[in-house]
Amino acid sequence: MFQNAISKNPFSTIGRLVILGIQEMGKVALFLTSGFFKIFSRPVNMSRLLEQIYFIGAKSVFVICLTGAFTGMVLGLQGYYVLVKYGSSGSLGSAVTISLIREMGPVLTAIMITARAGSAMSAEIGVMRISEQIDALKTMGINPLRFLFSPRLAAGLISFPILTSIFDVVGILGGFLTGSLLLGVSPGIYFSKVESSVVMSDINGGFIKSIAFAAVVITICCYQGYYTHRRNEFGAKGVGLSTTSAVVQSCVLILIADYVLTSILL
Amino acid sequence: MTMKKPLIQIKDLRKRFGDNTVLNGVNLSIREGEITTIIGKSGVGKSVLLKHIIGLLEYDSGHILFNGKPFKKMKEKEKKLLKSKLSFMFQGTALFDSMTVYENVALPLNERGGFSRNEIYQRVEDQLEQLDLHEIDDKYPSQLSGGMRKRVALARALITEPEIILFDEPTTGLDPIRKSAVHRMISDYQKKHKFTAVLVSHEIPDIFYISQHIAMLDEGKIIFEGTPKEIYKSSNPSVREFAKQLGDESEKLTGLTSQYTISSRLKAERRHTEGHHAIFSFIVLNITNMDEIIKKIGYEGSQIALKNFIFQIKRCLRDTDTCSRYDLDKILIVLPGANVEIGKKVYAKLTNRVKKEKALDTEKFTSLSFSVSVAFAEAEEESLIQGIETNNTPKDTTSFDVFT
């Protein structure tokens, strides 16, 4: 009865949710820090790290090029029609480049990797959890975080900035495709604007974002898979739910982190 | 037998999951160099107890001591050292399903470090070879049969040459021949490497042949601890009931009756012949070359041959005679109303008939036979059954062909 009274009180419900949320955030933060420091614990297993760089990085190149190209092309189109109204279509190069390097590049790359690699990561670790493979690692004296999470985190921190830069470059070329070849902005003007408008702090900001997104995406996806057994749903359904929440939470957090970082970096 | 010192002591261990108290003050000693088997009904918490020993679950209260030292009070280094000596075989094998068999078995060595690539390769190959796992290095666990998966899991548990191995129902889901083969492997390895083993098992009475120590878990407590033979003498009503159920179960591999049935049958026989002179004679068959047979035809093959061999012996006996297995390689035949002379005649007849049969339908091997040493005894009391075990010096050795 006492508990019923409490649960009927909206304040206590809100309070409980807030406390649960903060606890969860604390757990994720601990998960991230312990996984991060275990990257450097010896002996470092290079083959597992390379395997993950290949999976997260190399295998994402095609999808990143594709999305990068079309994003650049759309920016070229949209930008041209806005700029032409003010008679400054010559600035198309700067518009495309700045929005790609500062915003679109890091955010869209992170979201694409979440969809491609993050979901797979979460499902893989989730299945390992429910089939006792993580327990098996523990019984062999192998730290599961060091074995499963650290190489992925390291690979993410390495791959995200590289993929982001590929996205940016392909995007700029995409903008050139629509802006210059299709709509007639002079190629020389387009590229000189690209060159003159970008300063180092834009590039640094983009990289800082991509590194932060790497930490967010890999941590959330691994965390959701790792603790899939704590859900109310069991087995395959639990793994399915973990994967869904990994993708949803990662995407939401990417956008929130993007806002926070932009306001700091600007 | 001298009392061996306890390696693991569990003291007043308690564990609750929500409202469900699973362990309610468990006290148990596990002695060094022995196989201790934890038995009990399903869902009574046997696996939970095992997972506490390896540290996969945290207990609410109590102590687990290794060599007299509480685990929780050990320093990190000591804990790590201890863990490197422990190994666990999961009920569901828990093999890494996206790694090959070779990678699975090699992983504990790879992670431990200090071994060269060649060394690891050699050790893994030897281990797989010894467990009858040939040419499956590049296969994935899902491509293997249930029996093979169990053996790969066994190989992975054995590869680091641990001092303590915990087995969580190592034979669940296997057919009797493969069960028997896995039991035999565990027993052989234990004898060879002298590790301490803790088993959780349902396979009764089969598991009794390989265990030196039995503990029964019921309602969160250990209600019986002792040798397999003592379980039939326990005065605890729950244990008695359990043992009685065992009596009705026949041995899985051979279909032979258990010892419990034998002694109750003898009691009934004695009542039946009350006032008369009731006499029994015993024949003890001891297969002495099982190792050699396993070496030649593998674990599973040897169990099939054994099964067929016992089946043929049983066919030669009268309805009133009982035939039971009381050790891994020992068979006890009880002939009621017969003296030793008759017993010897029965054996001679049995020898002639069984020799004509072959235990395996194959012509691949031509020179393999069961060597059996035999002992005879005569008794008027069923209590002498115990006596015969200590007194069964082989008096005669006969060879039975496994193949023709």
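Order of the sequence lines fixes the chain letters, A, B, ..., with proteins taken first and strands second; residue numbering starts at 1 for each chain.
- In plain terms, the two heavy atoms of Ala136(A) and Ala94(B) that are nearest each other are CB-O, 3.8 Å.
- Atom CZ of Phe70(A) is surrounded by 12 or fewer heavy atoms from other residues, nucleotides or ligands within 6.0 Å.
- The CD atom of Gln133(A) lies 4.0 Å from the CG atom of Asp97(B); values are rounded to the nearest 0.5 Å.
- Residue-environment remark: NZ (Lys59(A)) stays at or below the threshold of 12 foreign heavy atoms within 6.0 Å.
- For the pair Glu111(B) and Asn45(A), the minimum side-chain heavy-atom distance is below 4.5 Å.
- For Leu95(B), the part lying near chain A is the backbone, with the side chain staying farther off; criterion is any non-hydrogen pair under 4.5 Å.
- Interatomic distance, OG1 of Thr139(A) versus CG of Leu86(B), reported as 9.0 Å (0.5 Å rounding).
- When the shell of 6.0 Å around CG of Asn20(B) is examined, it contains more than 12 heavy atoms from other residues, nucleotides or ligands.
- Contact of the Met140(A) side chain with the Arg156(B) side chain is registered, since non-hydrogen atoms from C-beta on lie closer than 4.5 Å.
- In His229(A), the NE2 atom is crowded: over 12 heavy atoms of neighbouring residues, nucleotides or ligands sit closer than 6.0 Å.
- The structure places CG of Asn110(B) at 9.0 Å from CD1 of Ile142(A), a figure rounded to the nearest 0.5 Å.
- Within a 6.0 Å sphere centred on OH of Tyr54(A), other residues, nucleotides and ligands contribute 12 heavy atoms or fewer.
- The 12-atom threshold is not exceeded at OH of Tyr121(B), counting heavy atoms of other residues, nucleotides or ligands nearer than 6.0 Å.
- Considering only heavy atoms from C-beta on, Asp135(A) stays 4.5 Å or farther from Ile54(B) through its side chain.
- Atom CE of residue Met128(A) and atom CZ of residue Phe96(B) lie 5.5 Å apart, to the nearest 0.5 angstrom.
- Residue-environment remark: NZ (Lys139(B)) stays at or below the threshold of 12 foreign heavy atoms within 6.0 Å.
- Only the side chain of Lys51(B) comes within contact range of chain A, judged by heavy atoms closer than 4.5 Å.
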